[in-house]
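This report refers to the structure that appears directly beneath it.
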Amino acid sequence: MLKDKSIAVVVPAYNEENQINLVIDNMPDFVDKIIIVNDNSKDKTAEVVENFIKKYGKNILENKDNLDIDEKNIYTKANRITAQKNKEEIKLFPKSEQFNKNNDDKIILINNLKNTGVGGAIARGYKWCKDNNIDCTAVMAGDGQMDPNELESIVTPVVEKNIDYVKGNRFIHKSAWNVVPKIRFFGNSILSILTKIASGYWHVSDTQTGFTAISKSALNSIRLYKIYKNYGMPNDLLVRLNIAFCTIKEVEIKPVYNIGEKSKMKVWKVIPRISWLLFKSFFRRLWVKYLFRDFHPLFLLYHFSFALFIISVPYAIKILGIILSGQEANSLTILAFVFLFISSFQSLLFAMWMDITDNERLYK
């Protein structure tokens, strides 16, 4: 425990029989539970973890939220419904089996019966922590790319300052440009820019890092089973947390590469897929957060901008066609296009400015 708060670390693992021991062996003492989610590995990952379970023994935590709810009290009906929905929620996750007969072991092994992707594995680990009322849940990859000595700096803002979500940032470390592979640096930078716009967390960078910590309240504010199941999971999660008005903080971490890990991510395949995810997520955030939950003028400004831009496209095509044919474009047509385009651009800038201003309160 840390500051009397329970700490768990979710470790998604797929074919990590050679690396998973590095992660478990170096886990800090303040970690109460290590949740290994074996994502249907084809190697001996599960067998390696099972041996560690015997070695590490038990760690029983007090369930501080295990309160009886009076079923006859009409004022606790909402709590009863929430508790029932939480129990049924596991059915919405891909099928999995827990190796441990109970939850008393320090290491909990969950075996997914089919490969779900890194996002699906993390979501399943989150579900276990949510059900067991863990105060702070961190995520560390199963390939050993995250320094366990930095875990305390990741979880401390959640434990001490009640921050909802903390993520590591490798880009602000002085060695980033020299250590991070250039193709990954480039791809990560593109996705970080797109994620700023889509999520509303305009100050975040290094969005693809998986070294994070999340509070119990934040886990309860989102639908875990709907989290994107592949490499776009960190981006999708940021959007969902922003919609739920969760606070966020970044801490500096060092980039770690070439320690025996084998990357399973193909940058040029991932970028288009995540870009499309972020495009859809941007509009979901606008509609859910700024129309249904808490109306804001930026909702109108964004859509006004998009509408004007779409209307200006036929004028642009017409002007381009006239120029290519060697004719002189009608001044009224040009004027209409310029007016629509400038108005669209101005509306977009105002909307983005409002968006940035409104979300300042969430960045700590």
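Note: the hydrophobic cluster containing I323 also contains V313 (ILVMFWY, side chain heavy atoms under 4.5 Å, direct or indirect links). There is no path of hydrophobic side-chain contacts, each under 4.5 Å, that joins Y126 to V239. The hydrophobic clustering, which links ILVMFWY residues whose side-chain heavy atoms are closer than 4.5 Å, places I197 and Y228 apart.
Using a cut-off of 4.0 Å between Lys/Arg side-chain N and Asp/Glu carboxylate O, R285 and D355 are scored as salt-bridged. Between D32 and K106, no side-chain nitrogen of the basic residue sits less than 4.0 Å from a carboxylate oxygen of the acidic one, so the salt-bridge criterion is not met.
Closest approach of I271 and G187 over heavy atoms only: CD1-CA, 3.7 Å. Q19 and G142 get closest at one heavy-atom pair: CB-O, 3.5 Å. What you find for A244 and R293 is that their closest heavy atoms are CA-NH1, 3.7 Å. Pairing each heavy atom of K114 with each of P94, the nearest pair is CE-CB, 4.3 Å. Closest non-hydrogen pair, D39 versus N115, comes out as O-ND2, 3.0 Å.
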Run the ring pair (Phe, Tyr, Trp, His ring centres under 6.0 Å) check on F282 and Y302 step by step: do they pass? CA-CA 11 Å; F282 170 74; Y302 266 128; 5.1 Å; yes
Would D294 and K289 count as a salt bridge (charged side-chain N to carboxylate O under 4.0 Å, His left out) if you check the C-alpha gap in whole Å, the side-chain angles of each, and the deciding distance to 0.1 Å? CA-CA 6 Å; D294 184 19; K289 183 177 182 179; over 6 Å; no
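N111 CG to E97 CD: the interatomic distance, rounded to the nearest 0.5 Å, is 7.5 Å. Taken from NZ in K196 to CG in L278, the straight-line distance is 13.0 Å, to the nearest 0.5 Å.
When atom types are taken as modelled, the side chain of N132 and the backbone of I134 share no donor-acceptor pair closer than 3.5 angstrom. Remark: side-chain polar atoms of T45 are not paired, donor with acceptor, to backbone N or O of S41 under 3.5 angstrom. Although no hydrogens or angles enter the test, the distance criterion places a donor-acceptor pair under 3.5 Å between the side chain of D206 and the main chain of R170. A distance-only check finds no donor-acceptor pair linking the side chain of D104 to the backbone of K58 [under 3.5 Å]. At distances below 3.5 Å, not a single donor-acceptor pair connects side-chain atoms of N133 with backbone N or O atoms of C129. Formation of a donor-acceptor pair under 3.5 Å by the N59 side chain with backbone atoms of D105 is not found in this model.
Scanning for side chain to side chain donor-acceptor pair (under 3.5 Å) contacts around W287 gives H303, with sequence neighbours left out. Residues satisfying the side chain to side chain donor-acceptor pair (under 3.5 Å) test with K130, not counting sequence neighbours, are N86, E89. Legend: residues meeting side chain to side chain contact (heavy atoms under 4.5 Å, CB included) with L300, ordered by chain and number and at least two apart, are F295.
The aromatic rings of F279 and W276 sit parallel, their planes meeting at an angle under 30°, below the 60° perpendicular limit.
A donor-acceptor contact under 3.5 angstrom links the side chains of D164 and T247, judged on distance only. Y290 and D358 are linked by a side-chain donor-acceptor pair at a separation below 3.5 angstrom, with hydrogens and angles left out of the test.
Under the ring-ring contact (aromatic ring centres under 6.0 Å, His included) rule, W177 has a single partner from F186, F171, F185, which is F185.
With a 6.0 Å cutoff to the six-membered ring centre and a 45° limit on the axis angle, K127 does not count as a cation-pi contact of Y225.
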